[in-house]
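First up is the structure itself, then whatever we jot down about it.
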Amino acid sequence: MTAAPQNTKAGAEKIAVTVSAVVPLNDLVTRFEFTRPDGAAFPPFSAGAHTVVEMRDQGRTRLNPYSLMSDPSDPSIYAISVRRDDQGRGGSLFMHRNVKVGDAMTLTYPVNLFSLDLRGRKHVFLAGGIGITPFMAMIAQLEQSNGNWELHYACRSEALGTYADQLRSHYPNKVHVYFDDQNQAIGLEDLLDGQPLGTHVYVCGPKGMIDWVHTTAAEHGWPSENVHSEEFLAPQPGKPFEVRLCKSDITIQVGEHESLLEAMERCGVDAPFLCRGGACGQCETDVVEADGEFVHRDHWLDDDDHACGKKIMPCVSRFVGKTLVLDR
Amino acid sequence: MTIQFNKETFRDDYSFRNSDWAIKRFPFPFHEDSYMYSVNMEQHRGGPPGSVYEKRFDVDEHYLAEMEDRAIVLAEDPLRCQSLPHMTLAGWDTLELIMTCKSEDYPDLFELHRDGKRWRWVNKPMGIDHSFTFLDETTLPCGPLEYITRQTQGDFAVLDQRDEMLWMDAGTVTTQADWSLDFDIGMNFFEWHAPVPMAHELGIFKRALKFLLNVQQGAPARRLNWTMTVNPLLDTSPENYHKWGIQKTTLTPENIGAKQHLRVELQTFFRLPRSNALLFPIRCYLIAFQDIVSVPKWGRRLHRVVRDLPDELATYKGFIANRPMMLDYLGQYDDGRPTSPGIWPDLETEPPLDMGR
């Protein structure tokens, strides 16, 4: 209907912020807190939401999603906790090494791909390592509304148990922590077996843990709608390849350490995105022509889509071969 | 601008009228001389000053009369407002969004004063000055969704989002084009759209759902939809079909210009921040045929759209029986001249009617 000029920039709306605190929590994890330079309140958010942090790293723009882990009822700050990944692509290293109190940064509005099912009569949270972060916000939200929840949190060691002490002292009867180096493990089968009707399970952690929870719950007769998970993928490096973007009428090179989406953005193509981690579906792109093999890594397309080679998720997936032409 | 609120009715004597101001700003839904379903979404980020697209929740001269009509409908049928137990937070989200938007967009009509969770809401046109505690239902006379939608024009469907699907789990629906909240409550997006012809085959709903699941906080969207209504009735519900359906047989060539109304819905979509639900306001605008044809471009175009509409759509929209009479009337205002693209009236640039050619 076009009633107004349309501003259709890719990605969610942005918020200018100032880094108000940098709090190292242990050897690997640091919390970053943000306020708004104009002192305004942040938009309210729902627990489980993430924000995409824009990093200006020596002329290169990095965009990494992180779960908001502050209390959703506190509009004065947003907080994220970042695990340093020494083998990663550099976003977390940039956060740890370069971001200082007082820095101006840009976040996106919250986007929630991992929300609480508010019908749940009980919420069981299963966290692995840094996967604890969305549950920090969920616990705060449920505590406000007298929600029924419990947390089972697996960490490598006491030294790396991010927020474990704080959670145990606040909620001694609801929080259960398991340390790998003490051979402790979540007793998932017993846990799933004893839950009342209307319970929802949420898992956030490494891929193996997520698969384990889904598989075990299915084996125990849990409806898939009652088992929720979130896993952000980081784009993996791969061989450079060339892509023809027919709508934009350009041919671009995708480097070894950048994603197809990042390469498009570098070349000035305003491609849609939200999560940048293969989960939200926003960047789905039609394939016009392909002579080669796709390296699909997303959670969005189903197996049939992956097999037929008609679609690709440029935020995490790659291509090896002679010719790739996309409808972008 | 100060709005003069009309004293008018949408029932019995049907004293509803559009002023010249309301006619010129009417959301005419056809951007070309034909109509077919499309997802036709755009961002809801304002529009030309004075247009119905300018504010997030448009308030116009019909505000008080529409709120009186809603109160009558709710008194007769309380099930027009429902909220499943898990949707209370989304109701508070809705209240917060509307109060924030209206107080910012119409500071002369609405005020919101916040002191932590202690809020004071002033609605001057309706004479309300009320203090309450945010997120505490005991401090409101009814649920938060009902409270705010008794003060806001348009129907409101509140859609829970889970399992990659939208669910009709709450709403206030008293000005609807022949659908029922009480029937649809708890249904998913495909279930409540099941009666719509053709659009499923066109893949419209699959694409629309994908779009709506991705409507993000801070980036609302909008589209227009339309149908036809005989007499300016807001409440064309299935519950009351026995009262209004029969009125479709009262059209005559003499009264059609005044009685037959084009009914346009300005549909908007807001991601609700605390609940992650999707708010779907459906704002109904009515205009009599005799007022549409006062805009030459709209008269020409409406004739062509109604004439060329597929039978399935004319049947679904409930005017197939009256279409010949409509075309006889509208044909008088179509001189065959080309029309300018877009929805705007273009009164200065479009030529007046010339039936003498």
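Each chain gets a letter, A, B and so on, in the order its sequence line appears, and its residues count up from 1. Note that this is a predicted model, so its numbers are computed, not measured.
By the 6.0 Å contact criterion, CZ on B:Arg118 is enclosed, its count of non-hydrogen atoms from other residues, nucleotides or ligands being greater than 12. The neighbour count for A:Asp303 CG, taken as heavy atoms of other residues, nucleotides or ligands under 6.0 Å away, does not exceed 12.
For the atom pair CG (B:Asn276) and CG (A:Leu118), the distance works out to 9.0 Å, reported to the nearest 0.5 Å. Interatomic distance, CD of A:Gln282 versus CG of B:Asn214, reported as 4.0 Å (0.5 Å rounding). Here the CD-CH2 distance, from B:Glu164 to A:Trp300, works out to 5.0 Å after rounding to the nearest 0.5 Å. Remark: A:Ser145 OG to B:Leu135 CG distance equals 9.5 Å, nearest 0.5 Å. A distance of 8.5 Å separates OG1 in A:Thr108 from CD in B:Gln216, rounded to the nearest 0.5 Å.
Ranked by non-hydrogen atom pairs under 4.5 Å with chain A, the options B:Asp163, B:Asp169, B:Asp93, B:Thr88 are led by B:Asp163. Per-residue heavy-atom pair counts under 4.5 Å with chain A were compared for B:Ala277, B:Pro85, B:Gly218, and the maximum is reached by B:Gly218.
If you measure heavy-atom distances from B:Leu272 to chain A, you find no contacts under 4.5 Å at all. Neither the backbone nor the side chain of B:Glu32 comes within contact range of chain A, judged by heavy atoms closer than 4.5 Å. For B:Glu54, no part sits under 4.5 Å from any heavy atom of chain A, backbone or side chain. Interface remark: A:Asn112 contributes backbone and side-chain atoms alike to the contact with chain B (heavy atom separation under 4.5 Å).
Taking every heavy atom of both residues into account, A:Gln141 and B:Arg274 meet most closely at NE2-O, 3.7 Å. In plain terms, the two heavy atoms of A:Glu13 and B:Ala219 that are nearest each other are CG-CB, 4.3 Å.
Side-chain contact between A:Arg119 and B:Arg162 is present, with heavy atoms from C-beta onward closer than 4.5 Å.
Judged by distance alone, with hydrogens and angles left aside, the side-chain atoms of B:Gln217 form a donor-acceptor pair with the main-chain N or O of A:Pro44 at under 3.5 Å.
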